[in-house]
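Below: one structure, written as structure tokens.
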Amino acid sequence: MEVDQQLDVICRGTVDVIPREELAEKLKSGGSLRVKFGVDPTAPDIHLGHTVPLTKLRQLQDLGHTAVLIIGDFTARIGDPSGRSATRPQLDEAAVRAAAETYQDQVFKVLDRQRVEVHYNSTWLAGLDAQAMVRLGAQTTVARMLERDDFAKRYREGVAIGVHEFLYPLLQAHDSVEVRADIELGGTDQTFNLLLARQLQKAAGQAPQVAVVLPLLEGTDGVQKMSKSLGNQIGVSETAEEIFGKVMSISDDMMLRYYELLTTEDLAALRAGLDSGSQHPMEAKKNLAEILAARFQGGDAAAGARAGFEQRFQKREIDADSIPEAVLARADLPDRLPQLLRAIDGLGVASNSDGRRLVKQGAVRIDGEVVRDEEVELSAGVTYLIQVGKRRAVRLRVS
RNA sequence: GGAGAGGUACCCAAGUGGCCAAAGGGGGCAGACUGUAAAUCUGCUGGCUUACGUCUUCGGAGGUUCGAAUCCUCCCCUCUCCA
């Protein structure tokens, strides 16, 4: 592909490419570039936010470049301070190992296995001695560290910064030297780290890498970045139904952003279609939901999720096949509804009080009828359809 | 090392002896409405209880008081300024 075309593909959706001219130069020289992307196996699951750079990495693979995936098993134990408003907890080795394994499985749902090098950064970092660490520390200054947005903010607002957190960017930058990266991908919160690597590479006599900075994907609330701790994430290992449903819950504005960052669909055409009215926003969103569900859970599951969604919400019916079943013995059945709801797994009723509130709000239906009376009489041998709100339903068989 | 400020529910944040299960915002949940689980509007959002009510909760441990998130003592943690 022509250099200009490659540049267009690479730059789509990016916040910044630093420096863009160097990227053009590297592309012109031909050959396969080494594109580094580091992940810290801190949580066992990755979500769509993590797949923004992965999607970009995949695009680069498709252009013929090599993905150099760094599993930050060593750095994970430090805790990346990037984008953090508080110190990240340090993890123990076993947790990191376990997370690293699931990570790889999930990552390959996006990447092309054929063109990937995988490295664990403990391979070279675990062996660094104190002298090497000090030398590394001498490569930058405290003032420069404090220029970093998240550090500056925490410092200003009086939130703790551990000294070890200063080491993190240096170690990550050192990884780039080890793997001789030509390009590194990262979120905006990684900008500093990506640039620091350039400095270390130059000091090591290498050509500095180009930093491709990608935006942080907002979560389902459309405001804060996607993160597990904020509960606004769409995880790649969730079921097709969940992925589909959660994507449908994002706003129309967010839909375009997801299209840009998570797919290779033609954005200009989509926008034009939406503006002219030839493309219905809901259809566009359903297509997006299906693309993403298919990517992580397979095409069949995604198609099923779509059909289920249409049936459930547009025809206002519940998809009979996907409702989980529960069996409770008549004798174990609480005779009051809130307690009963709580006793059934899968309804997500956390406490009796929670159940009581839901009943009061008219959210509970048994066999389609709204039940407001807390007294219930269920008979043995009968199967009841119990619904809480629009989303939660369980088929309860009384034995 | 010295001086000062602070630690409140899922998050941010108000409250400085009783009217505090604790304002407000965010998030979450529910209802209405809708092309959607969008937007908007309304309600709810510690546990137990049919209810009256009751129990636990404001960094930790003690104490004062009829009564403490609020006052005192010690401890832990964070920040600022000075060294």
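Per chain, numbering begins at 1; letters A, B, ... match sequence-line order.
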Nearest to the side chain of A:Asp252, which nucleotide is it out of B:A30, B:G35, B:U50? B:G35
Taking 4.0 Å as the cut-off, does a side-chain nitrogen or oxygen of A:Lys390 come that near to OP1 or OP2 on B:G31? yes
Out of B:C44, B:G47, B:U36, whichever nucleotide has its closest atom nearest the side chain of A:Ser353: B:G47
Using OP1 and OP2 only, check whether a side-chain N or O of A:Ser251 sits under 4.0 Å from B:A39. no
With the side chain of A:Phe309 defined as its heavy atoms from C-beta on, choose the nearest nucleotide among B:U36, B:G31, B:U49. B:U36
Please state the P separation for the pair B:G43 and B:G26 - nearest whole angstrom. 13 Å
Residue A:Met248, side-chain heavy atoms: nucleotide from B:A38, B:A30, B:U36 that is nearest: B:U36
Only pairs with both distances under 3.5 Å count, Watson-Crick or wobble alike; so what is the partner of B:C10 in this structure? B:G26
Per atom distances to the A:Glu374 side chain, the nearest of B:A38, B:G43, B:U50 is B:U50
By nearest atom, which of the nucleotides B:U45, B:U49, B:G35 is closest to the A:His280 side chain? B:G35
Would you kindly give the CG-to-P distance between A:Asn287 and B:U36, to the nearest whole Å? 17 Å
Starting at the 5' end of RNA chain B and moving along, which residue's nearest nucleotide shows up first, A:Leu358 or A:Gly245? A:Leu358
Please give me the minimum heavy-atom distance between A:Met282 and A:His280, naming the atom from each residue. N-ND1, 3.0 Å
Is A:Glu283 salt-bridged to A:Arg306, going by a charged N under 4.0 Å from an acidic O? yes
Respond yes when some side-chain nitrogen or oxygen of A:Arg392 is under 4.0 Å from OP1 or OP2 of B:A30, and no when none is. yes
Check every atom of B:A32, B:C44, B:C48 against the side chain of A:Arg342 and return the nucleotide holding the closest atom. B:C48
Applying side-chain hydrogen bond (donor to acceptor under 3.5 Å, both in side chains) to A:Asn121 and A:Thr75, what does each step give before you reach the verdict? CA-CA 8 Å; A:Asn121 68 3; A:Thr75 35; 2.9 Å; yes
Any strand: nucleotide that pairs with B:C41 via Watson-Crick or wobble, under 3.5 Å: B:G31
At under 4.0 Å, does any side-chain N or O of A:Arg372 touch on OP1 or OP2 of B:A30? no
Does A:Gln339 place a side-chain N or O at less than 4.0 Å from the phosphate oxygens OP1/OP2 of B:C48? no
Expressed as a whole number of angstroms, how long is the span from A:Arg357:CZ to B:A30:P? 13 Å
Nearest to the A:Asn352 side chain among B:A30, B:C48, B:U36, which nucleotide is it? B:C48
Ignoring hydrogens and angles, does a donor from either the side chain of A:Arg356 or the base of B:U50 sit under 3.5 Å from an acceptor on the other? no
Report the base-pairing partner of B:U56 (Watson-Crick or G-U wobble, both distances below 3.5 angstrom), or none. none
Taking the side chain of A:Gln361 as heavy atoms from C-beta outward, which of B:U36, B:U50, B:C44 is closest to it? B:C44
Take the protein atom CZ of A:Arg365 and the nucleotide atom C1' of B:A30, then report the distance between them rounded to whole Å. 11 Å
Could you tell me the Watson-Crick or G-U partner of B:U80, where both distances fall under 3.5 Å? Say none if there is no partner. B:A3
Taking it one step at a time, do A:Val398 and A:Thr383 satisfy side-chain contact (heavy atoms from CB on, under 4.5 Å)? CA-CA 6 Å; A:Val398 181; A:Thr383 299; over 6 Å; no
Considering every strand shown, what is the Watson-Crick or G-U wobble mate of B:G67 when both distances are under 3.5 Å? none
Which of parallel (below 30°), tilted (30 to 60°) and perpendicular (above 60°) describes A:Trp124 and A:His119? tilted
5' precedence on RNA chain B between A:Thr220 and A:Arg336 (nearest-nucleotide basis): A:Thr220
Whole-Å distance, A:Leu274 CG to B:A38 C1', equals 13 Å
Between A:Leu125 and A:Asp175, is the side-chain contact (heavy atoms from CB on, under 4.5 Å) condition met? List the steps. CA-CA 8 Å; A:Leu125 292 181; A:Asp175 290 346; 3.7 Å; yes
